There are 2 protein chains.
Amino acid sequence: MVRKTKEDAAITRQRIIDAAREMFLQKGVSRTSLEQIATHASVTRGAVYWHFQNKAELFHAMREEVYLPLIDRMDDTLLGNADESTIDPLGRIRKHLASTIQILDNDQTTRATYEVMMTKCEYVDEFADVLKSILSNCSGLVHKLEQAYAKAQEIGQVGTQLSAAELAMDTHLFFSGLLHMWVKDTEGTLFRDRALQLIDTHINLRKK
Amino acid sequence: MVRKTKEDAAITRQRIIDAAREMFLQKGVSRTSLEQIATHASVTRGAVYWHFQNKAELFHAMREEVYLPLIDRMDDTLLGNADESTIDPLGRIRKHLASTIQILDNDQTTRATYEVMMTKCEYVDEFADVLKSILSNCSGLVHKLEQAYAKAQEIGQVGTQLSAAELAMDTHLFFSGLLHMWVKDTEGTLFRDRALQLIDTHINLRKK
DNA sequence: TATTATATACAAACATGAATGTATGTAAAT
DNA sequence: ATTTACATACATTCATGTTTGTATATAATA
């Protein structure tokens with residue numbers, strides 16, 4: 001039974017991505033062979049090489065599957081439409097951070113992908129520009145945060161002399177750290193349960 | 001010319017560690033072969049296997065070379081002796097964070113090691129417990145920060161209702177994020193020059 | 001509509017290279 | 001005389017990329 005229909009092929013492709021994610025999580029990207037991925041997906045390396053040029057392309061496919069949705073979410077949660085943006089911008093920031101954590105908490109796929117990206121991957125050669133992509137994406141997030149903080153200052157929600165840009169960067173660094181710790185704390189004893197509370201603390205620190 | 005003196009052997013060992021660090025930085029831990037490390041250190045794999053059991057042990061040796069000094073530094077910079085600790089604890093925290101960044105800035109070896117550990121290593125199998133070590137070390141740092149913040153509150157240096165524990169955790173997450181970004185920003189355009197300023201911002205946010 | 005042609009979605013086989021660990025050899029320090 | 005501090009040689013395993021084979025879905029044609 002070869003030559004499946006287009007839908008079947010799409011399913012196969014997705015199963016390969018799923019298998020890759022699981023194997024990457026178990027053994028790390030480098031130590032996972034395409035043979036292992038294929039076996040785990042109940043296909044042969046032939047199928048893998050048909051759908052992806054090599055391991056790097058497969059990695060990128062896995063990454064974009066969760067990366068793109070998160071970016072899309074950013075504008076909605078963080079800024080909203082023109083009317084909404086003036087209502088409780090500080091609360092919006094809090095909500096955005098909290099909902100990101102909640103996605104990690106609820107969605108095993110997203111969580112696994114983040115864990116792979118943060119602790120089971122070496123950013124060299126073909127993977128090096130992923131880091132650049134992450135960094136440039138950070139700039140975007142900081143910019144959005146800055147806008148939100150600016151609104152918060154306008155309506156007098158913030159109780160500090162610091163600029164919106166400074167507040168935004170501090171929040172971004174805080175959240176980067178939180179994400180890293182949250183993901184690395186696989187036992188869940190140090191950060192998993194306290195993340196939302198830590199976000200509240202961080203926001204409260206700048207409330208009037 | 002074989003069988004060097006003990007000092008020569010120690011030198012050889014150090015050169016292997018240095019070579020490993022440089023190769024890890026270039027190609028990542030997984031993609032660096034012991035042969036490449038040996039060649040880069042102008043020895044053969046025989047020498048490498050003589051000094052280290054395998055790549056993992058070599059990695060640990062590289063790591064501890066910069067990891068241990070940083071831990072030692074913590075008590076001094078952050079808490080100091082009993083007399084000093086009551087003088088400007090907030091400034092001490094700031095100084096501790098700033099000096100850590102400065103070490104990264106000045107010491108190429110430390111910087112390279114951190115870059116390897118954060119972006120060129122997969123924490124699986126033999127490397128998995130390194131993460132645990134990092135996490136448990138974080139707990140230690142947070143505890144020290146908490147003590148410092150408690151002092152700061154005692155002498156009325158802090159202008160917020162939040163507890164010392166909350167402030168400490170927020171600072172720790174901020175600094176984790178900063179370290180990650182700083183190290184990943186190899187171009188130096190986004191964080192390298194602004195790190196000290198970002199630390200000041202973070203500290204100012206909790207000043208009375 | 002039935003037939004044919006072609007591209008698709010893989011499986012299987014092949015060829016190559018590279019990394020690891022170990023075992024052995026050896027010259028000099030102790 | 002015996003370790004020490006390596007270099008050299010050997011054996012094995014494993015991952016990758018490519019090539020070839022093939023059954024079938026799908027498009028083309030008549």
Side-chain angles (χ1 to χ4, degrees), chain A residues 1-62 116 120-122 124-127, chain B residues 1-62 116 120-122 124-127:
Chain A
M1 12 72 164
V2 204
R3 176 57 174 145
K4 326 275 181 63
T5 176
K6 275 193 175 183
E7 296 161 16
D8 287 338
I11 291 174
T12 300
R13 187 190 132 96
Q14 184 60 50
R15 289 176 29 133
I16 291 171
I17 293 179
D18 292 340
R21 190 191 324 104
E22 289 169 22
M23 294 311 295
F24 288 164
L25 188 63
Q26 266 187 50
K27 321 241 306 171
V29 174
S30 298
R31 294 183 176 188
T32 297
S33 68
L34 295 182
E35 172 71 40
Q36 288 169 15
I37 293 173
T39 302
H40 197 64
S42 305
V43 293
T44 65
R45 265 170 56 242
V48 176
Y49 274 106
W50 172 256
H51 287 285
F52 309 94
Q53 281 200 0
N54 48 38
K55 203 199 282 181
E57 207 185 291
L58 178 48
F59 175 86
H60 284 105
M62 173 203 74
V116 169
K120 283 119 166 51
C121 173
E122 299 178 5
V124 289
D125 303 335
E126 329 91 81
F127 298 94
Chain B
M1 10 80 164
V2 204
R3 176 55 175 150
K4 326 274 182 62
T5 175
K6 274 193 176 182
E7 296 161 16
D8 287 337
I11 291 173
T12 299
R13 187 190 133 97
Q14 184 61 48
R15 288 175 32 132
I16 291 171
I17 294 179
D18 292 340
R21 190 191 327 103
E22 289 168 22
M23 295 309 296
F24 288 164
L25 188 63
Q26 266 187 50
K27 322 241 305 169
V29 175
S30 298
R31 293 183 175 186
T32 298
S33 68
L34 295 184
E35 173 71 39
Q36 288 169 16
I37 293 174
T39 303
H40 195 64
S42 305
V43 293
T44 66
R45 266 170 57 243
V48 176
Y49 274 105
W50 171 256
H51 287 283
F52 308 95
Q53 281 199 1
N54 49 36
K55 203 199 281 181
E57 206 185 291
L58 179 46
F59 175 87
H60 284 105
M62 174 203 74
V116 169
K120 283 118 166 50
C121 172
E122 300 178 6
V124 289
D125 303 336
E126 328 92 81
F127 299 94

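Computed from a prediction, not measured in an experiment: that's the story for all the values here. The chains referred to below are lettered A, B, ... by the order of the sequence lines, with proteins before strands, and numbering in each begins at 1.
When the side-chain nitrogen and oxygen atoms of A:T5 are compared with OP1 and OP2 of D:dT26, one or more of them lie within a distance under 4.0 Å. OP1 and OP2 of C:dA9 both lie 4.0 Å or more from every side-chain N or O belonging to A:T12.
At least one side-chain heavy atom of A:L34 sits under 4.5 Å from a side-chain heavy atom of A:K55. Side-chain atoms of A:H51 and A:I16, non-hydrogen and from C-beta on, do get closer than 4.5 Å to each other. Counting heavy atoms from C-beta on, the side chains of B:R21 and B:D18 come closer than 4.5 Å.
Within residues 44-59 of chain B, the residues that have a heavy atom under 4.0 Å from DNA chain D are, in order of number, B:T44, B:G46, B:A47, B:W50, B:H51. Contact check of residues 16-40 of chain B against DNA chain D (heavy atom, cut-off under 4.0 Å) returns no residues at all.
Using modelled atom types, one side-chain atom of A:E122 and one backbone atom of B:V29 make a donor-acceptor pair closer than 3.5 Å. Side chain of A:N54 to main chain of A:E57: a donor-acceptor pair is present (N/O by atom type, distance under 3.5 Å, no hydrogens or angles). With hydrogens and angles ignored, the 3.5 Å screen pairs no side-chain donor or acceptor of A:S30 with any backbone N or O of B:S30.
A salt bridge links B:D125 and A:R31; the closest N-O separation between the charged side-chain nitrogens and carboxylate oxygens is under 4.0 Å.
Rounded to whole Å, atom P of D:dC6 lies 10 Å from atom CD1 of B:I11. A straight line from NZ of B:K6 to P of C:dT30 spans 8 Å, rounded to a whole angstrom.
In this structure B:F127 satisfies the ring-ring contact (aromatic ring centres under 6.0 Å, His included) test together with B:F59, sequence neighbours excluded.
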